[in-house]
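Bear in mind the structure is a predicted one, so any value in this text is a computation, not a measurement. Remember, it's 1-based here, ligands and their atoms both numbered in the order they're listed.
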Amino acid sequence: DSSDITEVINYTQSTYAEPNETYFGAAKGMNVIYLHLESFQNFVINYKLNGEEVTPFLNSLTKDENTTYFDNFFHQTGQGKTSDAEFMLENSLFGLPQGSAFITKAQNTYQAAPSILKDYGYTSAVFHGNNGSFWNRNVIYKSFGFDHFFDASYYDTSSPIDMAEYGLLDKPFYDQSESLLSSLPQPFYTKFITVGNHYPYDMDQDLVTIDKAQTGDASVDDYFQTARYTDEAIEKVFTRLKELGLYDNSMIVLYGDHYGISDNHKKAMGQIMEKEITPYESANLQRVPLFIHVPGMQGGINHTYGGQTDLLPTLLHLLGIDTKNFIQFGSDLLSEEHNEVVPFRNGDFISPTIDSINEKLYDHQTGLPLDDSQLEHANTMKKDVDYKLELSDRVVNGDLLRFYTPKGYTSVDPSTYNYTEDIH
Ligand code: GP9
Ligand code: MN
C-alpha cells in the first residue's frame with residue numbers, strides 16, 4: 001500500500017547517482033533512436049570466424065570518435081526475454097521473477113521514458129514488424145505513453161523472402177520504416193525492434209554473406225550468419241539517417257536485448273570461445289553490446305559495469321533531464337557515483353571485483369573461488385542485490401507508482417492512445 005512507497009522512495013533516493021557534468025545535457029533536444037539488437041551477445045563484437053569479422057560495422061562503431069561502447073554491459077532479463085529488456089529500458093524497473101510484466105502488469109501506473117519525454121516536447125514511437133499483440137505490446141505501450149506503435153499492420157509483409165519467424169526481416173523492416181519515421185515531428189523518441197537474429201538463427205542462404213561456424217551445433221553455427229545480417233542492416237540505417245539529415249541531431253543507442261546462445265550449447269560455445277564454459281564463464285557471456293552515439297560527444301570504450309536498468313537514467317542525463325525525483329532502480333552509467341554491481345533477475349550478480357553465481361562466490365578478475373577474507377564484503381553485496389530486487393518487485397506487484405507522482409511529471413492516461421488510427 002502507499003506506506004510501501006515511502007520505503008521505495010528512500011531507497012531510490014539513496015541509490016541515485018548524480019549526473020556527470022561532462023556529459024549532462026550532451027544530447028539535449030536531440031532525437032533518440034534505439035536500435036534493438038535481437039539476441040545479440042557481446043562475444044560477437046570483434047570476433048573473427050575463419051579470419052573474417054562477423055560484425056564489421058559494429059566493430060567500426062567501437063572505434064567511432066562520437067560513440068561510447070560499453071564492453072561490460074549485461075542483460076538482466078528473465079522469462080520475459082525481449083519484453084523484459086524493454087520493460088527495464090523504459091522504466092528502470094526489473095522484470096518479474098516469473099513470467100512477463102508486459103503481460104501480467106500492463107495496467108499498472110508507470111512513469112516510463114515516453115511519458116517523461118512528453119513533458120519535454122518529444123513525440124514517441126515504436127516500430128516493430130511483428131503483430132502488435134505479441135508480448136501484449138499494444139496494451140502496455142499505452143501505459144508507457146507511446147504516442148505511436150507501428151506494428152506489422154503498417155508494413156508490407158506479403159513476400160516470404162522478407163519474413164523471419166517473428167516478423168519482417170531487418171533490411172526490409174528498416175527500409176519500410178523510413179516514411180513512418182519521416183512523418184514524426186521532432187524531437188522524437190523512437191525504438192526499432194528487429195527479429196532477424198532470433199533463435200534458431202536459420203536464414204535463407206540467398207541472403208547470407210558469411211559462412212556458418214563448424215561446431216556441428218546448428219543454432220551456434222547459424223548464429224554468425226544472422227548476426228552478420230543484423231550488422232549489415234544497421235550499417236544501412238546509419239547511411240540512411242545521414243542522407244535524411246537526421247544523423248547530426250539524433251542520439252543513437254544500440255543495445256542487445258538478451259543472450260542468443262543458451263546454456264544448452266556449452267560444448268559448441270567452448271569451441272567458439274576456445275575455453276570451457278563454466279558457470280562463471282557462462283555468466284560472463286551474458287554481456288550484450290551497448291553503443292551510445294552522440295554527435296559532438298567524445299566517445300571511446302567505456303569499461304563501466306552496468307545493466308539494462310541503468311539505461312534510462314543514463315539516457316535522461318544525456319538529454320539534460322535530472323532523474324533525482326524518479327523511482328528508478330538503475331543508475332547513470334556515466335556518473336562517478338554509478339554502482340557497478342550488476343544484479344541479475346535470479347539474484348546472481350557480477351561486479352568488477354566479486355561475482356555471485358548459482359550461490360557460489362568468485363573473484364571476478366580471476367574466476368577463482370573467492371578468498372575467505374572477502375566473504376563479509378560479498379555478503380553485503382548479496383544483501384543489497386536481494387533488497388534492490390525485492391523493492392523493484394514490490395513496485396511492480398503492488399503497482400506502487402500510483403501513490404507517487406514526481407514533481408513536474410504529467411501522468412499518462414492510457415485510454416487516450418489508439419495505435420490503429422495512425423496513418424495507414
Ligand atoms: C517478438 C520479438 C522476439 O515480437 O520481439 O521476442 P523474443 O522471443 O526475443 O522475446
Ligand atoms: Mn529478443
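- We find the CG-NZ distance between N59 and K48 to be 9.0 Å, quoted to the nearest 0.5 Å.
- The closest protein non-hydrogen atom to atom 5 (O) of ligand 1 is R137 NH2, 2.8 Å.
- Here's the thing with E38: one of its N/O atoms is less than 3.5 angstrom from an N/O atom of ligand 1.
- When atom types are taken as modelled, the side chain of N136 and the backbone of F102 share a donor-acceptor pair closer than 3.5 angstrom.
- Between F87 and Y110, the gap from one ring centroid to the other is short of 6.0 Å.
- Between the OE2 atom of E38 and the NE2 atom of H258, the angle taken at the Mn ion (ligand 2) works out to 100° after rounding to 10°.
- Taken from CD in Q225 to OH in Y201, the straight-line distance is 13.5 Å, to the nearest 0.5 Å.
- T190 contributes a side-chain N or O that, together with a main-chain N or O of V32, makes up a donor-acceptor pair within less than 3.5 Å.
- Using 4.0 Å as the threshold, H36 has no heavy atom nearer than that to any atom of ligand 1.
- Residue contact check: T82 has heavy atoms under 4.0 Å from atoms 3 (C), 5 (O), 6 (O), 7 (P), 9 (O), 10 (O) of ligand 1.
- Salt bridge absent: K266 and E281 never bring a charged side-chain N and a carboxylate O closer than 4.0 Å.
- Nearest protein neighbour of atom 8 (O) of ligand 1, counting heavy atoms only, is H198 NE2, 2.7 Å.
- Between the OD2 atom of D257 and the OG1 atom of T82, the angle taken at the Mn ion (ligand 2) works out to 90° after rounding to 10°.
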